[in-house]
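This report concerns only the one structure given below.
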Protein chains: 2
Amino acid sequence: MSTWSDAGPRTVEQHAAAVAALLPPTGTETVALADASGRVLAEDLAAGVALPPFDNSAMDGYAVRAAELAGASDAAPLEFTVAADIPAGRTDVPALAPGTVARIMTGAPVPAGADAVVPVERTDAGVERVRICAAPEAGAFVRRAGEDAAAGETVLRAGTVLAAPQIGLAAAVGRAVLPVRRRPHVLVLSTGSELVAPGGTLRPGQIFESNGTMLAVAVREAGATAEQLSFVPDDVERFRAVLAERAGDGVDLVLTSGGVSAGAYEVVKDAMTGHGVEFGKVAMQPGGPQGCGRLELGGTSVAVVTLPGNPVSSQVSFEAFVRPALRAAAGHPAPARPVVTARLSGGLSSPAGRRQFRRGLLDAATGTVAEVGSAGSHLIAALARADCLIDVPVDATTVADGEPVAVWLLDA
Amino acid sequence: MSTWSDAGPRTVEQHAAAVAALLPPTGTETVALADASGRVLAEDLAAGVALPPFDNSAMDGYAVRAAELAGASDAAPLEFTVAADIPAGRTDVPALAPGTVARIMTGAPVPAGADAVVPVERTDAGVERVRICAAPEAGAFVRRAGEDAAAGETVLRAGTVLAAPQIGLAAAVGRAVLPVRRRPHVLVLSTGSELVAPGGTLRPGQIFESNGTMLAVAVREAGATAEQLSFVPDDVERFRAVLAERAGDGVDLVLTSGGVSAGAYEVVKDAMTGHGVEFGKVAMQPGGPQGCGRLELGGTSVAVVTLPGNPVSSQVSFEAFVRPALRAAAGHPAPARPVVTARLSGGLSSPAGRRQFRRGLLDAATGTVAEVGSAGSHLIAALARADCLIDVPVDATTVADGEPVAVWLLDA
């Protein structure tokens, strides 16, 4: 079998496809409306009732037979007996007898026989008898049953991302719960004997752990769920034991950072090589060393993506490979970041044969993007000031000041 | 005192300012990094350590004195004793003796005396002695302490919206928790004797409750917290009793829908008029009848915004008045929806003297926007298909096909 490293570096697209193939579409679960925000609807939603469910008044006023008001005006009002009072929610509305009107509130059912509503402002607001100064057209201020949606009509399509208006619509057609796509669940591991938990104290040579925290947050921002397991020991046997114990049912993906490059101590690579996970290079920068596959753990296996350990490499690799795969698995209709074209402010140079993702700040008003920091994959403070990634094509060695570049919007 | 209704309708801007004035800036609370996503940083964040904290290697390779390698090449490698092995995390790194090199891994501390790193790929990867085929420049593949951020430097400004990269940076400088702006807490009430809980069965004249659910979700999507209290009785005394009981400490805003127009049964208006809340018209459509103020409840008072009851009116009013006020109160740097200009596909007409917010679908590729549904404020199914609001100026009576209009992006 030809392996990845024998075949040379993968393109970004090839590795993205390999990662996406590890995450099949998630199934369906049912959630209460209050918990549905941001979720992806799993099935078409048919209206359980028509919207509106019944003919109702668009105004506070009087339900009338329009023909009986022909010629009414401010100068020549017509007077009627108010035969009924119809607040919203009245469930026993009598039919309107000829020659009478009914006082009616916004949203209240229009009585049988009535075919128009005159707003209270065009009347003397009488309670037992009322003088009406307007001649409405038939249908005026009546909202017809079903004019927004017919009963049984599909009002939301499977794949819709749910937010307040869609959830309000689901409530309006009578649904208390909705079928949504399950969120993928990700176990985030960080390894490295140099790592110290934030809040602690560094000894010389140590750094604070940041990748695991950053990736777990990024996983949740991508609409998945994350469990973070930090400080997994830099020991192959213990590392495999932790995975065997924790990466069981309910884990859709194990996401690691670090331990995958060419060094002498690469716990992730050493623990997984030959057990279903392939390692190799992707023709990109940052983020060259990558790995992915299904890790065999006794009788079972789990999808694994191994990101490089430099914080910027880790985050850029997450954006390029993991975020779109997680969102696609959850059925999101737009898994990728929005991409726009902007003119680069100030030039940059880039190694041939590697697609570079430089960190940028977009000025939407002028359509320009400026680099933040430089190419170094350790510049996390610069990453935190950026709002986009500047996508420098694999074969470009320079981009001149003012040249157009593709820009991935991280804020959208 | 001149009242709102005496003074005539408010503009959208006037009412937005009145609502915003009810919500002062929230205070600060401390959250764990994992809970900081989407929150607004309350204070400037200074780096507790330099980034990187110490000079470290950018590659797996050998730490060297560059001057000792002058002239080394593939044709003429130079051989050295490997005096030390420096994995990442080693805390007792000895200084490099002249004439020796140290094997070093990515991220490991560069020993005193060394001034460059040669990647392992340019060597024979020896363990006790190594042949090196490259003459590095001083500083090559060494990441200098502090080159990303100096110790004490402000790395994140107060007001920054936190996402994965910013949270990763906070971890990298040693912070386990962050001071963030407290989320406003909103009590969402819906009233109306016509309302039935979704999941139940409608009798004639009844509708499913949707506004409370929709508004509570919208409040949370705006970055605030919401408690939903549905089916508050349509009875002034009982309504005030519920408010007195529930709108106490910890509630920043009471948000109601319905019960504010010109009808005979307007429980919200009747319960609050004369107790600190003003009601009147805003020159907009949908959403004309509005109210806001500080409701006096015995010895205390609470901010109240009363939205109209039609679902589209309610949601559009939320977008125009409540969402920006909640986000501004929480310190969000961009409280308003992004606004773009697009050309209208198909014309529309609009009443003079009212700023209309029609529901639209934006085609970003062509820069055009098309109306979804029509002006009716009951068309919630159409609202749920829209991704933007078309902002028709207050004095416009028509917008022709192809004319530019301002568009509020609801998805962004």
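Heavy-atom basis, side chains included; hydrogens, waters and symmetry copies ignored. Per chain, numbering begins at 1; letters A, B, ... match sequence-line order. Remember, predicted model here, so these are calculated numbers, not experimental data.
Within the 4.5 angstrom heavy-atom criterion, only side-chain atoms of A/Leu156, from C-beta onward, approach chain B. A/Arg220 touches chain B through its side chain: at least one heavy atom from C-beta onward sits under 4.5 Å away, while N, CA, C and O do not. Only the side chain of B/Leu202 comes within less than 4.5 Å of a heavy atom in chain A; its backbone stays farther off. Using a 4.5 Å cut-off between heavy atoms, B/Pro109 contacts chain A through its side chain alone, with no backbone atom that close. With a 4.5 Å cut-off on non-hydrogen atoms, A/Leu379 touches chain B through its backbone and its side chain both. Residue B/Asn310 touches chain A through its side chain alone, counting heavy-atom pairs closer than 4.5 Å.
The two atoms that bring B/Pro119 and B/Thr123 nearest to each other are O-CG2, 3.6 Å, heavy atoms only. Listed here is the closest heavy atom pair of B/Gly376 and B/Arg359: O-NH2, 3.3 Å. Closest approach of A/Glu266 and B/Asp60 over heavy atoms only: OE2-OD2, 3.7 Å.
Between the A/Asp387 side chain and the A/Asp411 main chain, no donor and acceptor come within less than 3.5 Å of each other. Judged by distance alone, with hydrogens and angles left aside, the side-chain atoms of A/Tyr62 form a donor-acceptor pair with the main-chain N or O of A/Gly126 at under 3.5 Å. At distances below 3.5 Å, at least one donor-acceptor pair connects side-chain atoms of A/Ser193 with backbone N or O atoms of B/Ala88.
Of the listed residues (A/Gly89, A/Ala164, A/Ala125), the one with the most heavy-atom contacts under 4.5 Å to chain B is A/Ala164. Top candidate by heavy-atom pairs under 4.5 Å with chain A, chosen from B/Ala226, B/Gly258, B/Ser210, B/Ala58, is B/Ser210. Chosen from A/Met59, A/Glu221, A/Gln315, A/Glu153, the residue pairing most often with chain B at heavy-atom distances under 4.5 Å is A/Glu221. In terms of non-hydrogen atom pairs under 4.5 Å with chain B, the most contact-rich of A/Ala163, A/Ala216, A/Ala218, A/Pro311 is A/Ala163. Counting heavy-atom pairs closer than 4.5 Å to chain B, the top-ranked of the candidates A/Arg157, A/Glu209, A/Gln166, A/Glu194 is A/Glu194. When the candidates A/Arg143, A/Gln206, A/Gln228 are compared by the number of heavy-atom contacts under 4.5 Å with chain B, A/Arg143 comes out ahead. With respect to chain B, the highest number of heavy-atom pairs below 4.5 Å among A/Pro204, A/Ser374, A/Ala197 belongs to A/Pro204.
Looking at heavy atoms from C-beta onward, B/Thr201 lies out of side-chain contact with B/Val196 at the 4.5 angstrom threshold.
Applying the salt bridge (Lys or Arg N to Asp or Glu O under 4.0 Å) test to A/Glu147 and every residue at least two apart in sequence or in another chain returns nothing. Under the rule for a salt bridge (Lys or Arg N to Asp or Glu O under 4.0 Å), the partners of A/Arg90 that lie at least two apart in sequence or sit in another chain are A/Asp92.
Taking CE of B/Met214 as the reference point, atom CG of B/Leu383 lies at 6.5 Å (rounded to 0.5 Å).
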Side-chain donor-acceptor contacts of residues 167-178 of chain A below 3.5 Å, not counting sequence neighbours, with atom names and distances?
none

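The interface of residues 46-55 of chain A with chain B, defined by heavy-atom distances below 4.5 Å, comprises A/Val49, A/Leu51, A/Pro52, A/Pro53, A/Phe54.
Residue-environment remark: CZ (A/Arg203) stays at or below the threshold of 12 foreign heavy atoms within 6.0 Å.
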